[in-house]
Chemist: 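I'd like to ask some things about the structure below.
A, B, ... follow the sequence lines: proteins, then strands. Residue 1 opens every chain.
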Number of protein chains: 4
Amino acid sequence: MSAAPVTERGRRTRDRLLEAARAVFEERGFLETRVSDIAERANVAIGTFYTYFDSKDAIFVALVDAFIAALYEQSHVGEVAGPDPRQRIRTSNARFVEAFRRHGNLYGVIVQAASFNDEVRRRRLASRSVFIERATRGLRQLQAQGVADPTLDADVTAALLCGMVENFVERSHDLGLPFDDEAAVDAMTEIWARAIGLAP
Amino acid sequence: MSAAPVTERGRRTRDRLLEAARAVFEERGFLETRVSDIAERANVAIGTFYTYFDSKDAIFVALVDAFIAALYEQSHVGEVAGPDPRQRIRTSNARFVEAFRRHGNLYGVIVQAASFNDEVRRRRLASRSVFIERATRGLRQLQAQGVADPTLDADVTAALLCGMVENFVERSHDLGLPFDDEAAVDAMTEIWARAIGLAP
Amino acid sequence: MSAAPVTERGRRTRDRLLEAARAVFEERGFLETRVSDIAERANVAIGTFYTYFDSKDAIFVALVDAFIAALYEQSHVGEVAGPDPRQRIRTSNARFVEAFRRHGNLYGVIVQAASFNDEVRRRRLASRSVFIERATRGLRQLQAQGVADPTLDADVTAALLCGMVENFVERSHDLGLPFDDEAAVDAMTEIWARAIGLAP
Amino acid sequence: MSAAPVTERGRRTRDRLLEAARAVFEERGFLETRVSDIAERANVAIGTFYTYFDSKDAIFVALVDAFIAALYEQSHVGEVAGPDPRQRIRTSNARFVEAFRRHGNLYGVIVQAASFNDEVRRRRLASRSVFIERATRGLRQLQAQGVADPTLDADVTAALLCGMVENFVERSHDLGLPFDDEAAVDAMTEIWARAIGLAP
DNA sequence: AATGAATGAGAATTCATTCAT
DNA sequence: GATGAATGAATTCTCATTCAT
C-alpha cells in the first residue's frame with residue numbers, strides 16, 4: 001500500500017512524518033501515541049499518513065531500524081581508540097553509553113513495543129546479537145594475542161559483559177536520575193578488564 | 001470499591017481470581033488480557049471480579065507484590081551457603097536464576113506493564129534496589145574482611161554486577177532458548193569474583 | 001417482598017434506613033445515590049436494606065410521602081393567622097417558604113426524580129394540587145365575603161399565584177444564594193393581594 | 001477530540017446529528033437516550049457521533065444553547081406590540097407561552113438534565129436571568145413614565161412575575177393536559193397588570 | 001433479622017484504518 | 001499527492017437486586 005515517494009515533495013512529507021512520529025512516540029510512548037497525533041504534528045491529514053506508511057506499527061519499525069543503524073555506527077570504535085586494549089574497551093563502553101544518552105527516549109519506547117510486537121522484538125534482539133558478536137570477536141583477538149585469559153568461554157563472557165552495559169543504560173534511563181556516566185564507564189571498564197584477565 | 005473479603009468464602013473467591021489472573025497474564029500478556037478472561041477462568045461473573053479488585057491494573061499490582069516477595073525470599077542465601085565467599089556468590093546467583101526460571105513468564109509481563117504503568121515500574125525498580133543493596137552490603141563485608149579489593153566503589157560495582165545477572169535472566173527469557181544455566185552461573189560467578197578482586 | 005417490621009429492633013433498623021436514605025439522597029441526589037451508600041450509612045448490610053424496602057425507588061417514595069405530609073402540615077394556617085385576609089395570605093406564604101428552607105435539599109431531589117419516575121411525579125403534582133385547592137377555596141371565600149374581586153376565575157388565579165410562590169422557592173434553592181425571605185414574602189403577598197383586588 | 005467540520009459534507013452530518021439528538025432526547029428523555037440511538041437516527045456510525053461531539057452531555061449542551069437563543073428571539077416583543085403597556089405585557093406573555101408550546105418537550109428534558117448536570121443548570125439559570133432582566137427594565141420604564149407604581153421593588157417584582165409565567169409553562173407541560181392558553185395568558189396578564197399598579 | 005457474596009445486563013468511548021473527493 | 005469524514009469492533013466498569021447462610 002504505502003509507496004516510496006517519487007517526488008521531492010513526497011520525500012519531504014515522508015520525512016516530516018518520520019520526525020513527527022519520533023517526537024510523539026518519545027513523548028507519549030507507543031501505546032498512547034495516536035496516528036492522528038503524528039499526522040497533526042507533521043501538519044498533514046490523517047489520510048496522508050497512510051500514503052507513506054501502512055500502519056502505526058510500520059512507521060515505528062522504520063524508526064527502530066534507523067535507530068539501530070545509528071546506534072551501531074556511533075558506538076563503533078574501529079581505529080579511533082588506539083591499540084591499548086583497556087583503552088579500546090573503555091572507548092567502546094563510553095560511546096555506547098553516550099549513544100544511549102542521545103537516543104534513550106526512543107529506546108524506552110522500543111523496549112515497550114518489543115514487549116508486544118514480535119517484529120520489534122526480533123530487531124531488538126538481533127541488534128543486541130550484533131553488539132555481542134563484535135565484543136566476542138574483540139575478546140577472541142585478545143585471547144589470541146595472549147593478553148586475555150584464554151580459558152574463558154568468549155561467547156558467554158562477552159554476552160554477560162555486554163548485558164551488564166546494556167542493563168546500566170536501560171535502568172539509568174528508567175530511573176531518570178542524573179548519573180555520573182564517567183564514573184560508571186570507569187567502573188564497568190574495570191570490571192570488564194578484570195573479568196577477561198587483562199593485566200592491570 | 002474493592003473490599004477485603006470478610007468471609008472464608010470470599011477469601012477463596014479472591015484467591016481463585018488471583019490465581020486465574022496469574023495464569024491468564026502469563027498466557028496472553030498484560031495488554032491482551034481482558035478482565036472477562038480472568039473472571040471466566042476463575043468461574044465467577046465479571047461483577048465478582050470488581051467485588052475484590054478495582055481494575056485490571058489493581059489485580060496485576062497485587063500479583064507483582066506477591067511475585068517480588070517470593071523472589072526476594074527464594075533468592076536469599078543467608079546461612080545456607082557456607083562461609084566461602086565465591087561459593088556464596090555462586091549460590092546467590094544460582095538461586096536468582098532459578099527463581100526466574102520458575103516465574104519468568106510473569107516477569108516478562110511485569111516488564112511489559114512497567115513500560116506504561118507507573119505503579120508497576122516503581123515496584124520493579126524498588127525491588128531491584130533491594131537486591132542491589134543486599135549485594136552492596138555483601139561486598140562491603142568482604143572488603144572489610146580484606147578478601148575483596150577495598151579500593152572499589154561498592155555501590156557502583158554491586159549495581160553493575162547485579163545488572164549483569166538481571167540482564168541475563170531477562171534476555172534469556174526473551175530469547176526463549178534452552179540456556180545452560182549451570183555454565184552461565186559459573187561464568188557470571190567467575191566475572192563477579194574477578195571483578196571484586198577475590199583471590200582465585 | 002418488604003415487610004412492616006414486627007419487632008422493636010426491626011422498627012429501629014427501618015428508621016435508621018430512612019434517615020440514612022434522606023441524608024444520602026440530599027447529599028448526592030437520586031441518581032448518584034447507591035443502595036450500598038444507604039446501607040453503609042445506616043450501618044447495616046445491603047441485604048438488610050431489602051428486608052425493609054423493595055427497591056431504591058420504594059424507599060425514595062416513602063421519603064417523598066413523609067416530606068409532602070410534613071410540608072402540608074407545616075404550611076397550614078388554620079386559625080393561627082387571625083381574620084385579616086392580607087395577614088392570612090402573608091402567613092401562609094411565609095410558612096410555605098420557611099418549610100422549603102427546612103426541606104429544600106430533599107425537594108431538589110424530588111424534582112430530579114420526578115423527571116424520570118412516574119410515581120414521584122404523580123405525587124409531586126398531586127401535592128401541588130392540594131395546595132392550589134386550598135388557595136382556591138380561600139379565594140372563593142374572600143370573593144363570597146365581597147373582599148376579593150368576584151369576577152376573577154378563582155381556579156386559574158389561585159394556580160398562577162401558587163405557581164409564583166412555588167417557583168420562588170424552587171429557583172432560590174437552585175441558585176443557592178442567601179435570599180431575603182422577608183422581603184420576598186412581602187413582595188409576593190403584595191402581588192397576591194393586588195391580584196385578587198384586595199383593598200389596600 | 002470533537003472538531004468543527006471543515007467541509008460542507010461534515011457540516012451536514014453534524015446538523016443531522018443535532019436534529020436526531022433533539023428528536024431522541026424529546027422522545028426518551030436525557031437518561032434513556034443512548035448515543036447509539038442518536039447515531040442510528042442520524043444514519044451514521046457511532047464513531048461519527050464522536051467526530052463531532054465529545055459526549056452525550058456535549059451534544060445536549062449544544063442543543064440547550066440553540067434552544068435558549070431561539071426562545072429569547074421568539075419571545076421578544078420589541079416594536080411589535082404597540083405602545084399600550086397592558087398590550088405589551090400580554091403579547092410578551094403570549095409569545096413566551098407559545099414558544100414553550102413549540103419547544104416544551106425539549107424544555108422538560110433540560111429541566112431533567114439541569115438536575116444533575118451543572119453546565120445545563122448554569123445555562124438554564126442564566127437564561128432565566130436574561131428574561132427577568134428584560135422584564136425588570138420594562139417595569140422600570142413604566143415606573144419612570146408614571147404608569148406603574150413607583151414604590152415597587154422592580155427587581156423582586158419582575159422576578160416573581162416571571163416566575164409565575166415560568167411555573168405555568170413548566171407545570172402545564174408536566175401535566176400534559178390541554179390547557180386553555182388564551183385564558184391563562186389573560187389571567188397572568190391581569191395579575192401582572194394589577195401587581196404593578198397599572199390603571200385598568 | 002441480618003449478612004455480604006454473587007450476578008450480569010448494559011452503555012460510553014476509542015482510534016486504527018478506509019475511501020470518496 | 002493530499003484531504004478529512006466515516007467506520008464499528010472491542011472492552012471496561014457499575015450497581016440494583018438476589019439468595020444461600
Chemist: Between C/Tyr50 and F/dT17, is there a side-chain N or O to OP1/OP2 distance below 4.0 Å?
Modeler: yes
Chemist: Of the nucleotides F/dA16, F/dT7, F/dG4, which one has an atom closest to the side chain of D/Thr51?
Modeler: F/dT7
Chemist: Mind checking who E/dT21 pairs with, Watson-Crick or G-U wobble, both distances under 3.5 Å?
Modeler: F/dA2
Chemist: Once you round it to whole Å, what is the distance between C1' of E/dT14 and CZ of A/Arg34?
Modeler: 9 Å
Chemist: Centroid separation under 6.0 Å, is that true for the rings of C/Tyr107 and C/His173?
Modeler: no
Chemist: When you match D/Ser55 and C/Thr7 each to their closest nucleotide on DNA chain E, which lands nearer the 5' end?
Modeler: C/Thr7
Chemist: May I ask you to decide if A/Ser115's main-chain N or O and B/Gln112's side chain share a donor-acceptor pair within less than 3.5 Å?
Modeler: yes
Chemist: Using a cut-off of less than 4.0 Å, is there contact between a side-chain N or O of D/Tyr52 and OP1 or OP2 of F/dA6?
Modeler: yes
Chemist: So which nucleotide from F/dA2, E/dG8, F/dT17 ends up closest to the side chain of B/Ala45?
Modeler: E/dG8
Chemist: Would you kindly give the CZ-to-C1' distance between B/Arg28 and F/dA10, to the nearest whole Å?
Modeler: 13 Å
Chemist: Base, sugar-phosphate or nothing for A/Gly47? Non-hydrogen atoms, less than 4.0 Å.
Modeler: base
Chemist: Tell me the interatomic distance from A/Leu17, atom CG, to E/dA16, atom C1', rounded to whole angstroms.
Modeler: 15 Å
Chemist: Tell me which nucleotide among E/dC15, E/dT18, F/dA16 gets nearest to the side chain of A/Ile46.
Modeler: E/dT18
Chemist: Tell me whether B/Arg41 is salt-bridged to B/Asp37, with the criterion being a basic N under 4.0 Å from an acidic carboxylate O.
Modeler: no
Chemist: According to a strict under-4.0 Å criterion, is C/Arg9 in side-chain N/O contact with OP1 or OP2 of E/dA1?
Modeler: no
Chemist: From CZ of C/Phe49 over to P of E/dA1, roughly how many Å is that when rounded to an integer?
Modeler: 16 Å
Chemist: Side chain of D/Lys56 only, heavy atoms from C-beta on: which candidate in E/dA12, F/dT3, E/dA5 is closest?
Modeler: E/dA12
Chemist: E/dT7 phosphate, OP1 or OP2: any side-chain N/O from B/Thr48 under 4.0 angstrom?
Modeler: yes
Chemist: Across all strands, who's sitting opposite F/dA10 as a Watson-Crick or G-U wobble pair, both distances under 3.5 Å?
Modeler: E/dT13
Chemist: Taking only side-chain N and O atoms of B/Ser36, does any of them lie within less than 4.0 angstrom of OP1 or OP2 on F/dT11?
Modeler: no
Chemist: Measure CZ/B/Arg16 against P/E/dA5 and give the value in whole Å, please.
Modeler: 14 Å
Chemist: Could B/Glu170 and B/Arg124 be called an ion pair, given the rule that one side-chain N must be under 4.0 Å from one carboxylate O?
Modeler: yes
Chemist: Over how many whole Å does the gap from C/Phe53 atom CZ to E/dA2 atom P extend?
Modeler: 12 Å
Chemist: Is C/Thr13 near enough to E/dA1 that one of its side-chain N or O atoms lies under 4.0 angstrom from OP1 or OP2?
Modeler: no
Chemist: What I want to find out is whether B/Asp118 reaches B/Arg121 closely enough, with some N-O distance under 4.0 Å, to be called a salt bridge.
Modeler: yes
